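Structure record follows, encoded as structure tokens.
In listed order, ligands and their atoms are each counted from 1. On a predicted model such as this, the values are computed, not experimentally measured, just so you know.
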Amino acid sequence: MTKRVHNFSAGPGVLPVPVLEAIQHDMLALPQAGISVLEISHRSKWFIEIYQEAQANLRQLLNIPSNYHVLFLQGGANLQFSMVPLNLLRGQNAPADYIVTGSWSVKAVKEAQREGEVRVLWNGKDDKFVRVPKQTELTFNSDAAYVHFTSNETIQGVEFAVEPDAGEVPLVCDMSSDFMSRPLDVNRYGLIYAGAQKNAGPSGATIVIIRDDLLTKVPDNLHTMLDYRIHVKKESSYNTPPVFSVYVIMLMTRWLMNDIGGLAEIAKINHQKASLLYNLIDNSNGFYIGHAQADSRSLMNVSFNLQTPELEQAFLSEAAKHDLHTLKGHLSIGGIRASIYNAMPLESVQALRDFMIKFQTNH
Ligand SMILES: *Cc1c(COP(=O)(O)O)cnc(C)c1O
């Protein structure tokens, strides 16, 4: 096998080796079908089985109640920034409330504003997005069409430890970068969406979980492809779904269930991995400067700085020599970002930790 490096990419992110091996194994032909999943009809019984297993496994892993629909759409989380307000805000005669904790929630607000009034309940921008709000800092409006928040800000590396409690108002969440990283009480949400390429599979599919009663809010004049009701009715196959992505998501759910043992188990591992890096940052006497405040730290994206851009550049090039790759922080905040999603092995995080200790000693 060609050597694999430690891949800290923010997205598309690392996939588990057993999943990659399963893809490789079936690449020329799915055992029953005799053709590969890249060539398969989305109307074939083989794909329908894959689709149904992906959906059933997601329902089991996340304990999704029966009054929620699970969809596999395209267009990424970015399209959901628009589809959410198109379906749930247009024609509602009520504003939507947004919690702004980083770059992705800023983008979500921008699209929602095209459809109706947006109230920003809390904005971390002036603090450079170093934390998420506490429940006590949020005043919810019972008249809101919905409340939108981003559970994990992939760029800044701030994450909600628990979802905000918006009372009766439907809670809508962009969960792209921490979806399936921990157990979840889906009942607390009206709608969850997640681009698969961070924590759930490859790019090309966006998972949407929507509570059935919200479909009654959808206005009647939407374009077909933008209407959640169509995708529910057609089981995500109104148009050709991203068959390969759905297949890999299905393999990811199998891996989480069979190899890992469920979301409570992966959550433990994720805690362990993140602690390795945050403890090191905290004990580095200011050599490494964490971006997020301690109570808002992301278990998925560890963003930090060194004292100077020159030192950060040296860090990145020396890291690459140790097979530690894609650690450059997002352009908007600079510095270093280690994305340590579900599929990131503990050993890779240990390798990064060991390198960081050595780098500090040498500088
Ligand atoms: C990556 C990301 C997005 C954008 O996803 P696309 O699939 O590229 O549209 C949105 N929100 C969050 C939290 C992300 O991490």
Going by the side chain to side chain donor-acceptor pair (under 3.5 Å) test, name the single residue among E53, R59, Q60 that passes it with N57. E53
Sort out the contact shell of ligand 1: every protein residue with a heavy-atom distance below 4.0 Å, listed by chain and number. G76, A77, N78, F81, W104, T150, N152, T154, D174, S176, S177, Q197, K198
Please check: side-chain N/O of S298 versus main-chain N/O of E159, any donor-acceptor pairing under 3.5 Å? no
Between the side chain of T150 and the main-chain N/O of E153, is any donor-acceptor distance below 3.5 Å? no
Ion pair D220/R90, N-O distance below 4.0 Å: no
Answer yes when D212 and R229 have at least one side-chain N-carboxylate O distance shorter than 4.0 Å, and no when they do not. no
Among residues at least two apart in sequence or on other chains, which ones pass side chain to side chain contact (heavy atoms under 4.5 Å, CB included) with N7? S9, V14, T326
